[in-house]
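If you're wondering where the values come from, they're calculated on a predicted model, not measured in any experiment. Residue numbers start at 1 and run along the sequence shown.
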Amino acid sequence: MNKRWIRMTAALILIFSVILVSINFVVDPLQFYRVKERDAVYWGEQRWQLAGLAKNYDYNTVILGTSMTENFIPSEVDRQFQGAKTLKLSMSGSSTHEQSLIANLAFSNKEIKNVIWGIDYTSLSKDEKLTEEFPIFLYDNNIFNDLNYLFNITTIKYSLASAFYKFAPERAELSLYFLNLKDQPNQDLNRLSYWGDLFQYGEEIVRADYFQEIKEIKETKNDLQKQFNFSKFKENIDNNILPYVISNPETNFYFYYPPYSILMNKRFYYVDNQIMEDIIKSREYFFTQLQTYPNVKIYDFTTEKDITHNLSLYKDTMHHHPDVNKFILESFGRNKYLVTEENLKVYLKEFKTQIEGYSVAHID
């Protein structure tokens, strides 16, 4: 009796596993194995979704970075760069190491002509250690651990939800609730991860965000001081950015420093002015390491007061309106914000001067 029960249980588990793996392979909700551009459903959980797109889609230009780069629209990039076919591979809140992993997939699978890469000091401050939730098995070349994709409860949720969106769209939203899938699909790849029209912007909102952050400084100050230092910045630059430039002399790299609001920079200055000194030092180091490469351009928008001091352009101390992304994109065709050996120290001095000289009522 016990042996029979064990055999039946084992058989049921095997059948269930085969069904699960088969559904996930056929539906392939994250397009890990094949392209589904027609009637495709794209998911917002970038660390799961982007790996398949980077492996399988047709592109020669990529956008890398955090949420600061999410409001770039690939079709607009295509118009800016001759012959470009752009794929946005932005990861919200990503570390530079995570950006490196998706960059590696892109370079390993395609011939990349252009890279637009936003260099956030928040990303440079993060360790290379990945969270347990990060699907690292999607980012390596080991086909054997792909079973982690096929035999995975997260994948089956996406498979079922994708099926609903295709065959029963009127019940699709309800399916997300029952599947406990906290994600929202998008059927327009050109607008994937775009959030520019989902928020309100304004000075009052940004100042409120700043004051709230300052109130929490006592709890986070020690951690911030440990994270935001030149040693960590340099480590990330050396390990996660420079190797791609060195290994890809035929690729045009457009690095840029996103224009956080002045209050974002003021916040870190308030925590410890040494953080700002280390950010400045890291930018000097970044330039010196890359200045001899003719395929590299670095743009600095952090001292453009018409942007950084205009708090009506921000939804919090960090994130700007998508019009700023358009401005940045158009600026790649001009030299106004291009960092050179002649103006490097001018940019860095102005960056420091603006932060030190900016007064925030009721705080400073």
Side-chain angles (χ1 to χ4, degrees), residues 65-72 90 92-96 118-126 195-230 232-233 256-283 299-328 331 337 346-364:
T66 64
S67 54
M68 301 298 290
T69 66
E70 288 177 327
N71 289 328
F72 286 118
S90 308
S92 180
S94 56
S95 65
T96 311
I119 307 299
D120 298 70
Y121 58 70
T122 53
S123 296
L124 291 173
S125 73
K126 295 180 179 179
W195 50 260
D197 53 0
L198 301 178
F199 296 93
Q200 291 184 318
Y201 301 81
E203 181 173 347
E204 186 176 342
I205 295 171
V206 178
R207 286 186 175 273
D209 183 46
Y210 173 79
F211 291 135
Q212 182 60 40
E213 290 173 339
I214 294 301
K215 287 180 182 178
E216 298 170 357
I217 286 295
K218 289 183 179 179
E219 299 175 5
T220 61
K221 183 174 182 177
N222 290 337
D223 290 337
L224 291 174
Q225 288 172 320
K226 291 177 182 178
Q227 281 182 273
F228 289 79
N229 59 75
F230 176 71
K232 184 67 65 63
F233 298 152
Y256 81 96
Y257 302 125
Y260 298 159
S261 82
I262 187 66
L263 290 184
M264 175 73 168
N265 295 324
K266 194 69 175 179
R267 170 200 171 198
F268 283 96
Y269 184 80
Y270 185 88
V271 172
D272 185 346
N273 60 18
Q274 184 58 45
I275 291 177
M276 282 298 128
E277 295 292 341
D278 283 359
I279 290 171
I280 290 169
K281 186 177 179 182
S282 72
R283 290 181 178 175
Y299 294 83
D300 191 339
F301 299 93
T302 61
T303 61
E304 179 49 76
K305 296 174 72 172
D306 287 345
I307 298 175
T308 60
H309 289 230
N310 183 359
L311 301 183
S312 65
L313 291 173
Y314 293 82
K315 76 177 186 70
D316 51 36
T317 59
M318 183 177 183
H319 297 91
H320 53 64
H321 193 277
D323 284 349
V324 178
N325 291 87
K326 292 182 180 180
F327 176 81
I328 290 169
S331 297
Y337 301 95
V346 175
Y347 272 119
L348 298 180
K349 182 179 179 180
E350 179 64 16
F351 181 68
K352 180 178 180 180
T353 299
Q354 286 187 15
I355 296 169
E356 290 178 338
Y358 191 86
S359 178
V360 186
H362 310 303
I363 293 294
D364 294 341

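The two residues L311 and V206 make their nearest non-hydrogen contact at O-CG2, 3.5 Å. The minimum heavy-atom distance linking L224 with I275 is given by the pair O-CD1, 4.2 Å. Between I217 and V271 the shortest heavy-atom distance is CD1-CG2, 3.2 Å. Nearest heavy-atom pair across W195 and S67 is NE1-O, 3.4 Å. Closest of all the heavy-atom pairs between N325 and M68 is ND2-O, 3.1 Å. Taking both residues in full, the closest heavy atoms of I119 and P258 are given as O-CD, 3.3 Å, listed atom of the first, atom of the second, then distance.
Within 6.0 Å of NZ on K126 lie more than 12 heavy atoms contributed by other residues, nucleotides or ligands. Within 6.0 Å of CD on E216 lie more than 12 heavy atoms contributed by other residues, nucleotides or ligands.
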message: Does D278 form a side-chain contact (heavy atoms from CB on, under 4.5 Å) with F233? I'd like the steps, not just the answer.
response: CA-CA 8 Å; D278 283 359; F233 298 152; 4.1 Å; yes

- request: Quick one: do Y256 and Y337 satisfy side-chain contact (heavy atoms from CB on, under 4.5 Å)? Show the steps, please.
  value: CA-CA 9 Å; Y256 81 96; Y337 301 95; over 6 Å; no

task: Show the numbers, then the answer: is there a side chain to side chain donor-acceptor pair (under 3.5 Å) between Y260 and T122?
output: CA-CA 11 Å; Y260 298 159; T122 53; 3.3 Å; yes

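Looking at N229, its side chain does come within 3.5 Å of a backbone N or O of K232 through a donor-acceptor pair. T308 places no side-chain N or O within donor-acceptor distance of the main-chain N or O of P259, the cut-off being under 3.5 Å. Looking only at distances, a side-chain donor or acceptor of S282 sits under 3.5 Å from a matching main-chain atom of I279. A donor-acceptor pair under 3.5 Å is formed between the side chain of N71 and the backbone N or O of G196.
Considering only heavy atoms from C-beta on, Y314 comes within 4.5 Å of I307 through its side chain. Inter-residue side-chain proximity for V324 and I328 is flagged as met; some heavy-atom pair is nearer than 4.5 Å.
No option in E213, E203, R207, H309 other than R207 meets the side chain to side chain contact (heavy atoms under 4.5 Å, CB included) test with L263.
Between the side chains of E277 and N273, no donor-acceptor pair of N or O atoms lies under 3.5 Å. No side-chain donor-acceptor contact under 3.5 Å links Y210 and S261.
One distance of note links OH of Y201 with NE2 of H320; it measures 9.5 Å at 0.5 Å rounding. Distance OG1/T317 to CG/D209: 4.5 Å, rounded to 0.5 Å. With rounding to the nearest 0.5 Å, the separation of OG in S331 from OH in Y299 is 8.5 Å. N265 CG to M318 CE: the interatomic distance, rounded to the nearest 0.5 Å, is 10.0 Å. A distance of 10.5 Å separates CD in E304 from CG in N310, rounded to the nearest 0.5 Å. Separation of atoms CD (Q200) and CD1 (I205) is listed at 5.0 Å; rounding is to 0.5 Å.
Residues Y121 and F268 place their aromatic rings such that the two centres sit under 6.0 Å apart.
F351 carries R283 over the face of its six-membered ring, with the cationic atom under 6.0 Å from the centre and within 45° of the normal. A cation-pi contact, defined as under 6.0 Å to the ring centre and within 45° of the axis, is absent between K266 and Y358.
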